[in-house]
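Worksheet: the structure to be examined is printed underneath.
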There are 2 protein chains.
Amino acid sequence: MKLGTKGRYAVMALVDLAYYGQGKPLALTEIAQRQSLPISYLEQLFLKLRQKGFVASTRGHLGGYTLAREAEAIRISEILEAIGEPLETTRCDKSSSTGCLGTNAKCLTHALWAGLGAQMHQYLHGISLADVCERRVV
Amino acid sequence: MKLGTKGRYAVMALVDLAYYGQGKPLALTEIAQRQSLPISYLEQLFLKLRQKGFVASTRGHLGGYTLAREAEAIRISEILEAIGEPLETTRCDKSSSTGCLGTNAKCLTHALWAGLGAQMHQYLHGISLADVCERRVV
DNA sequence: AGAATTCCCGACTAAATTAGTCAAGTATGA
DNA sequence: TCATACTTGACTAATTTAGTCGGGAATTCT
């Protein structure tokens, strides 16, 4: 159970954007250099972030990305979801009728893993980009 | 960020052992069948669980495994640690002096990930094998 | 106009990890 | 002695991760 670079980099980059970009577009190269992240990898991530409406892009010279929403209104959990960072604690097939429902002794652990997932989601949903920027994180 | 089978299977098997094994040794084949887990894989896991003192083994006919500790005294977090399920949310190198300390703007996210890890550990530390068996899990 | 800068996008891949299998052995009880 | 069950190490196929690469398209500066 470890956090992948996709999720970590996406959040790092957005925090950087919220922290250093004051309304003005910030080039990906600048973010990548400051955070020591591979730029072509970041491009992939920002493609998704733009499609999901987290950032807006300006092309050409002096272009870059800006936040499309208020930093206060972007939850960390949303970022991870947008980027495709799984956050999966169970493997029970929800669609299948034979899937585990946590009702029998065989799947006694279902509630445990579901609870862990809920815990994680709750924590990450409770923190916004702005919270991270202003070090309001326990 | 997904939970691997190692951790999941280990907990499933120990819950099964606590639930069905009343002091008497339970053969791995029985646990494996009931939980639909690959037996040779479970063998690997129980090797570690025995070495770390979670279970005791009885060899030969009618042999098997028993819990070496009270089900109330075994925390889920301990099992995952024993088995080698990572539970890593950060990648900051703790040993290196150049490692991230969460003090500069570059690593503003450190506290976030560390907090997530703490949250997960706290949840899993607060639940014992017995809690899972008796469905005392939120 | 042309050059420089920057985003846009899909395809590809090396390396690591996962999720096991397999084979051979040792101990015990019926 | 035979079947059962734990013990242990080596091996591996498949998946996932963590990127790279190459070519394009839009925009602005000179």
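- Among the nucleotides dT5(C), dT20(D), dC9(C), the one closest to the side chain of Glu43(A) is dC9(C).
- Here dC8(C) presents its P atom at 11 Å from CG of Leu49(A), a figure rounded to the nearest Å.
- Straight-line distance from the CE atom of Met1(B) to the P atom of dT17(D): 12 Å, rounded to whole Å.
- One finds a side-chain N or O of Ser40(B) lying less than 4.0 angstrom from the OP1 or OP2 phosphate oxygen of dT21(C).
- Among the protein residues, Leu3(B) comes within range of no part of the nucleic acid, since none of its heavy atoms lies under 4.0 Å from any strand.
- Using a 4.0 Å heavy-atom distance criterion, Lys48(B) is classed as making no nucleic acid contact.
- When distances run from any side-chain atom of Ser57(A) to the nucleotides dC8(C), dA5(D), dA30(C), the shortest one goes to dC8(C).
- The residue Leu26(B) sits close only to the backbone: its heavy atoms come under 4.0 Å of sugar-phosphate atoms, none of a base.
- Among dT7(D), dT20(D), dG20(C), the nucleotide with an atom closest to any side-chain atom of Leu47(B) is dT7(D).
- OP1 or OP2 of dC9(C) has at least one side-chain nitrogen or oxygen of Arg50(A) nearer than 4.0 Å.
- Phe46(A) comes within 4.0 angstrom of nothing in the nucleic acid, heavy atoms only.
- If you check dA27(C), dA11(C), dT6(C) against the side chain of Arg59(B), the one that comes closest is dA27(C).
- You'll find a donor-acceptor pair under 3.5 Å spanning the side chain of Gln44(B) and the base of dT21(C), going by distance alone.
- Of the side-chain N and O atoms in Tyr9(A), none sit less than 4.0 angstrom from OP1 or OP2 of dA18(D).
- Within 6.0 Å of the CD atom in Glu43(A), the count of heavy atoms belonging to other residues, nucleotides or ligands exceeds 12.
- Atom CD of Glu81(B) has 12 or fewer heavy atoms from other residues, nucleotides or ligands within 6.0 Å.
- The side chain of Thr58(A) contributes no N or O atom lying less than 4.0 Å from OP1 or OP2 of dT27(D).
- Between Arg91(B) atom CZ and dT17(D) atom P the separation is 10 Å, expressed in whole Å.
- Among the nucleotides dA19(C), dA27(C), dC9(C), the one closest to the side chain of Gln51(A) is dC9(C).
- For Tyr65(B) and dT7(D), the shortest distance from a side-chain N or O to OP1 or OP2 is below 4.0 Å.
- Remark: Thr5(A) is in phosphate contact with dA18(D), judged by side-chain N or O atoms under 4.0 Å from OP1 or OP2.
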